[in-house]
Each structure stands twice: as C-alpha cells, then as structure tokens.
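Written out below as structure tokens is the structure these notes cover.
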Amino acid sequence: MEMEQLLSMGFPNELAAEALAATGGKSTLKATEWILSRRPSADPPPNNPSPSQPKLDRFFAKPIIPATATTTATATATASTTQLVESAPPAKRVKTCAPQVPLSERMRPRTLHEVVGQDHLLSPTSVLGCAVDTNRLPSVILWGPPGTGKTSIAKAIVGSVVSSYRLVCLSAVTCGVKDVREVVEEARRVKVKNNWNKRTVLFVDEVHRFNKSQQDSFLPVIEDGSIVFIGATTENPSFHLITPLLSRCRVLTLNALKPGHVETLLRRAVEDIDRGVGKSVEVRVEVKDDAIEFLSSNCDGDARVALNGLEISATRAAARVSVKQLKTAEEEVEEEMNLVSSEENRSVVAIVTLDDAKEAFQCKHLAYDRAGEEHYNVISALHKSMRGNDANAAIYWLVRMLEGGEQPLYIARRLIRFASEDVGLADPLALNQAVSCYQACHFLGMPECNVILAQCVAYLALAPKSISVYRAIEAAQKVVRESVGQNEGVPLHLRNAPTKLMKELGYGKGYIYTPDNPSATQSFLPPSLQGYKFLDWTNSNSTDK
C-alpha cells in the first residue's frame with residue numbers, strides 16, 4: 001500500500017524502496033518526508049527551497065469530520081491522515097461548518113413585505129397594516145398552524161416601528177410569572193426614561209401553555225398599557241386561553257401556507273447568499289424544480305418543515321460532491337506535483353435533486369394533533385362524509401386519522417355511535433357491524449385493523465340513513481328536562497304490586513297483559529302526555545334523512 005502510494009506520487013521505484021526501508025516501511029507520511037528532506041548536491045540551501053517543490057501538507061489534508069462524530073470515529077478519521085490523499089486539497093473540498101443557526105431561523109422575514117401567505121392580515125387596510133402605519137400597536141393573539149409566520153410577523157411588526165417600540169420575546173415553555181414580572185418592571189423603567197415615548201412589546205410564544213393563574217398575570221399590565229402583548233398559539237384560543245385575556249386582545253387567524261407560498265420561501269432561501277442554504281454547507285447550492293415542488297407540496301403548509309427539509313437535502317447533496325472529489329483526489333495530487341491548476345474544480349456546486357428531497361422527508365408530514373383541534377376537525381369530517389353517503393371521502397379521512405397516529409379504538413367507538421345516530425332503524429345490522437369492528441380492532445390493533453375500520457366506514461357510508469331514533473331521544477329528553485306534564489308519577493296500572501299493601505293501593509290495577517290480548521288498547525304515557533309522539537317511524541321509512 002505504502003509503495004503504491006509513493007509510486008503514484010511520481011517517486012522512482014528505487015527511491016521509494018529506500019525511503020520505506022529507512023523509515024520502517026509502515027508510514028507513507030514519514031517516507032515522503034524522508035525523500036523530500038534528502039537534498040542532492042545541486043539542491044538549494046534550506047533557507048531557499050525550490051519554488052517547484054509542493055508543500056507536503058497539501059497532500060495530507062485533514063479529513064472532514066462531522067461535528068457529531070464519536071470519539072472512536074474521530075480517532076479513526078485522524079489515523080487516516082497517514083494515508084495519501086484521503087481528502088481533496090483545502091481549496092477544493094467541501095468544508096465542515098461550525099454549528100450555526102438553522103436555515104428556518106436565518107430566513108425569517110425581516111420586514112412585513114417579506115411575509116408571504118398572510119395578506120389578509122398585512123394589507124394596508126388590515127388591522128396590523130393600519131396599526132403599523134399609525135405607529136399604534138394593539139395587543140393581539142396570533143393563532144395558526146405551526147410554520148405559518150406567527151413569530152416572524154411579531155418580529156417584523158416591531159421592526160417596522162422600531163423607533164417607538166422595543167421587543168422582548170419569551171416562551172411559555174421555559175418561562176413563568178417571575179420572568180413576566182421582570183419584563184414588566186423593565187418596560188416601566190424604559191417608558192419613564194424615554195418620557196413615555198418608548199413602549200415594550202412582549203411576545204409570548206406558545207402562550208396556551210400558561211395555566212389560568214399565569215395568564216391572569218397579563219391582565220393588569222395589558223389594561224394599564226405597561227406593555228403591548230402579542231401572543232402566539234397553535235391551539236384554539238376559545239379552549240386554551242381565558243376569557244379576560246381574549247377580551248383584552250384581538251385574535252388574528254393565520255392560514256396554512258399554500259404550496260406556491262412555500263415555493264417562494266424555498267427559492268428565496270436558495271438565492272440568498274448571506275442567509276440562505278448555501279451558508280449551511282458552505283458551497284453554492286442549486287435545487288431542481290421538481291425537488292422544490294416536492295418540498296412545498298409535502299410540508300402541509302408549514303414553512304419550517306419545508307426549509308428544514310431543504311437544508312437536509314442540501315447537506316446530502318454537498319456530501320455527494322465531497323465523495324466525488326475524493327474519487328479524483330489522485331488526479332489532483334498529480335496536478336499539484338506538476339503545478340497544474342484546474343479551472344473546473346475551483347467552483348463547487350451542490351445540486352439538490354428530487355431524491356435528496358425525498359430522503360430528507362423520509363415520510364409525508366401530516367398536520368394532525370391527537371389532543372388538539374385538528375383531532376376534532378378530522379373526526380367531524382369523517383362523520384359528515386359517512387352521513388353524506390360518500391364512502392371515498394370517509395375512507396380518506398379515516399386514513400388521515402390513522403396516519404396521524406389516532407387510536408383505532410377511538411375511531412371504532414365513534415362508528416358505533418354513528419351506527420345508531422345516523423343509520424338507526426334504516427339498517428339495524430349497522431350497529432352489529434360497528435360493535436364487531438370495535439371488538440376486532442381490540443383483538444388485532446394497528447396496522448392490521450386498518451382494513452376492518454375501512455370496511456365498517458364504507459358499510460356505514462353506503463347504508464340507508466334514518467335519524468328517527470336520534471330525534472326521538474332528543475324530543476324525550478327535552479320533555480323530561482323541561483318538566484312537560486310536571487314529570488308526574490308512573491300511572492298505577494303500569495306499576496308492579498309485589499306486596500298486599502301495594503295491591504290494596506291500586507298498583508297494577510287495570511293492566512292488560514299484551515301477549516294475552518294483543519288487540520287491547522291501553523295507555524303507557526302519563527295522562528298529561530297523552531298524544532305525544534316522539535318516534536316518527538314506519539316500516540317504509542328506511543330512507544329517512
């Protein structure tokens with residue numbers, strides 16, 4: 001191995017053999033140094049080396065070691081420096097960059113004009129647009145899915161009115177009431193120091209994570225104007241924020257970004273030299289159109305997911321360029337020995353392909369929260385699709401829930417309810433199907449029970465529908481809750497008489513045993529409710545909607 005490497009460098013066979021013998025024959029580096037240190041009589045003195053002699057360090061460049069490499073991997077990589085040309089020369093190899101801010105953070109919009117996809121909030125006539133123009137910011141709650149620009153909008157707003165406001169950012173995940181109090185005290189000092197011309201904007205991310213008492217701490221300081229409050233949440237404020245806080249803030253809803261919006265952000269990240277994806281890998285990056293389309297279409301409107309996917313894709317592409325350079329390292333050494341420069345290798349370009357994007361995502365990103373609002377939105381869509389006899393849509397929403405990690409038994413319980421509420425007497429076997437589905441899901445679990453759930457969903461969607469029973473129980477509940485007929489006692493003829501005293505009091509007197517006299521008529525409702533009809537059902541009513 002050592003002899004071959006020395007010969008590939010252009011040293012004569014005899015000289016290489018002599019060098020290996022003199023240095024022990026186990027180190028190419030020592031043998032090379034021995035050869036270069038030997039000066040024939042014609043050689044110039046040591047303080048005037050030949051200009052044509054290459055520097056030895058150029059042939060033994062340190063290898064690229066990832067920042068997360070283990071100690072063992074580091075030792076192995078360091079040992080590899082004793083072998084010739086284990087990596088390309090420094091000027092022509094991909095450098096390992098130090099840990100840095102993620103691409104999604106670097107590419108945050110710096111002004112409101114850079115924010116995309118939320119025109120309904122940022123137009124000149126909108127609440128925020130007018131507030132920025134007049135330099136009077138209101139307290140607001142920004143509610144929307146992850147990666148839609150809540151934090152970016154808050155920072156861009158303050159950046160647009162920087163002369164009058166200062167921004168303080170907190171996260172409800174890591175701070176508490178003590179931190180809020182410190183910000184408020186500082187805000188009051190700043191306000192007094194600047195003659196009441198400098199106000200503080202307190203931005204609280206994930207504000208829904210504060211409990212009720214923590215949210216209460218914002219109320220007095222918002223009301224007396226000590227701070228301008230901007231909260232960001234991914235959860236429905238109606239369920240997770242207290243009413244007094246909502247009363248003091250305007251709730252602004254952000255929409256999930258469309259693929260076109262995400263594509264704009266991705267191309268901006270590719271073209272930006274100072275902050276873009278090229279800074280992550282320290283080489284110029286080009287991205288194929290199909291890769292951008294894939295990233296923008298498979299992030300569910302989450303810009304952060306798309307930008308992170310782009311950064312990972314670029315890292316993979318840059319690593320591929322590095323491997324290609326290693327394959328041609330021997331040719332580069334020859335160029336150095338002969339003082340030949342190659343114009344082709346002066347510029348390194350990492351090309352991100354569709355395969356890189358797919359590898360970065362691994363699987364489709366799904367916007368689904370089993371404990372949040374999306375959970376209720378999707379189960380509602382499933383229920384309404386079955387009610388509307390659309391089996392295709394029903395199966396689609398079923399899969400959305402399963403792929404999002406929903407528990408199959410929860411879905412099966414909802415199907416049991418649907419079998420009685422929406423199918424009812426139109427197909428009494430539907431309830432049997434739903435109960436059997438629940439039992440089968442309990443036995444098998446995921447992923448095997450997915451087909452069972454799909455079968456039951458399709459059956460219920462295609463079954464005839466009747467809500468007669470559902471309406472009947474609602475009508476009866478209303479009568480009972482509103483005490484129609486005063487909720488009078490059970491008629492005596494409908495009561496049992498297990499004792500002599502009860503018989504003497506008239507319990508069971510006049511009751512007709514129906515099997516003995518099917519044609520006999522008798523009343524089963526209290527006297528005040530005679531004539532009430534709760535269930536509107538006949539045998540021909542199988543398609544009742």
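Because the structure is a prediction, the values reported are computed rather than measured.
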Parallel, tilted or perpendicular: rings of His240 and His208 (30°, 60°)
perpendicular
Would you call the rings of Phe218 and Phe229 parallel, tilted or perpendicular if under 30° counts as parallel and over 60° as perpendicular?
tilted
Decide yes or no on side chain to side chain contact (heavy atoms under 4.5 Å, CB included) for Val140 and Cys249, but give the supporting numbers first.
CA-CA 5 Å; Val140 297; Cys249 302; 5.6 Å; no
Step by step, would you call Arg189 with Glu186 a salt bridge (Lys or Arg N to Asp or Glu O under 4.0 Å)?
CA-CA 5 Å; Arg189 287 194 294 268; Glu186 179 64 20; 2.6 Å; yes
With a 4.5 Å heavy-atom cut-off, do [X] and [Y] have their side chains touching?
X      : Y      : answer
Val305 : Asp300 : no
Lys212 : Asp216 : yes
Val204 : Val180 : no
Arg188 : Val221 : yes
Thr234 : Glu206 : yes
Ile411 : Glu406 : yes
Leu257 : Gln118 : yes
Phe418 : Lys465 : yes

Say whether, by atom type as modelled, one donor and one acceptor occur between the side chain of [X] and the main chain of [Y] under 3.5 angstrom.
X      : Y      : answer
Asp302 : Cys299 : no
Tyr165 : Leu137 : yes
Trp143 : Glu235 : yes
Glu114 : Arg110 : yes
Thr264 : Gly260 : yes
Ser313 : Gly309 : yes
Ser297 : Phe294 : no

Take Lys358 and Asp290 through the test salt bridge (Lys or Arg N to Asp or Glu O under 4.0 Å) and record every step on the way to the result.
CA-CA 11 Å; Lys358 290 181 177 180; Asp290 54 357; over 6 Å; no
I'd like to know whether [atom1] of [X] has more than 12 heavy-atom contacts from other residues, nucleotides or ligands below 6.0 angstrom.
X      : atom1 : value
His120 : NE2   : yes
Gln455 : CD    : no
Lys191 : NZ    : yes

Side-chain ion pair, Arg181 and Glu185, N-O less than 4.0 Å:
no
Between Thr353 and Asp356: side-chain donor-acceptor atoms closer than 3.5 Å
yes
Under 3.5 Å side-chain donor-acceptor pair for Ser226 and Asp224:
yes
So which heavy atom on [X] is nearest to which on [Y], and how close?
X      : Y      : value
Gln215 : Val207 : NE2-O, 4.4 Å
Ile395 : Ala458 : CD1-CB, 4.4 Å
Ile292 : Glu263 : CG2-CG, 3.5 Å
Val285 : Gly278 : CG2-CA, 4.0 Å
Arg417 : Tyr470 : NH2-CE1, 3.5 Å
Val457 : Ala394 : CG1-CB, 3.4 Å

Could you go step by step and tell me if Leu307 and Leu266 meet the side chain to side chain contact (heavy atoms under 4.5 Å, CB included) rule?
CA-CA 7 Å; Leu307 289 170; Leu266 292 176; 3.9 Å; yes
Could you go through Asp422 and Met386, starting from their C-alpha distance and side-chain angles, then the distance that decides it, and tell me whether this counts as side chain to side chain contact (heavy atoms under 4.5 Å, CB included)?
CA-CA 9 Å; Asp422 285 88; Met386 292 190 297; over 6 Å; no
Working to the nearest 0.5 Å, report the span between [atom1] of [X] and [atom2] of [Y].
X      : Y      : atom1 : atom2 : answer
Ile312 : Phe361 : CD1   : CZ    : 8.5 Å
Ile452 : Cys441 : CD1   : SG    : 5.5 Å
His383 : Trp397 : NE2   : CH2   : 15.5 Å
Ile467 : Ser420 : CD1   : OG    : 13.5 Å

Check residues 150-157 and write down every donor-acceptor pair under 3.5 Å in which the side-chain atom is one partner and the other belongs to a residue at least two apart or another chain.
from: Lys150; atom 1: NZ; to: Gly144; atom 2: O; distance (Å): 3.2
from: Lys150; atom 1: NZ; to: Pro145; atom 2: O; distance (Å): 2.9
from: Ser152; atom 1: OG; to: Arg108; atom 2: NH1; distance (Å): 3.0

Keeping to residues at least two apart or across chains, list the side chain to side chain donor-acceptor pair (under 3.5 Å) pairs with something in residues 243-256.
Glu223-Arg248
Taking it one step at a time, do Phe210 and Val177 satisfy side chain to side chain contact (heavy atoms under 4.5 Å, CB included)?
CA-CA 9 Å; Phe210 274 150; Val177 174; over 6 Å; no
Where do Tyr396 and Arg400 land on the side-chain hydrogen bond (donor to acceptor under 3.5 Å, both in side chains) test, with the steps shown first?
CA-CA 6 Å; Tyr396 168 77; Arg400 279 280 295 270; 2.9 Å; yes
Arg106 and Asp272: CA distance, side-chain angles, deciding distance, salt bridge (Lys or Arg N to Asp or Glu O under 4.0 Å) verdict
CA-CA 10 Å; Arg106 296 200 307 268; Asp272 194 315; over 6 Å; no
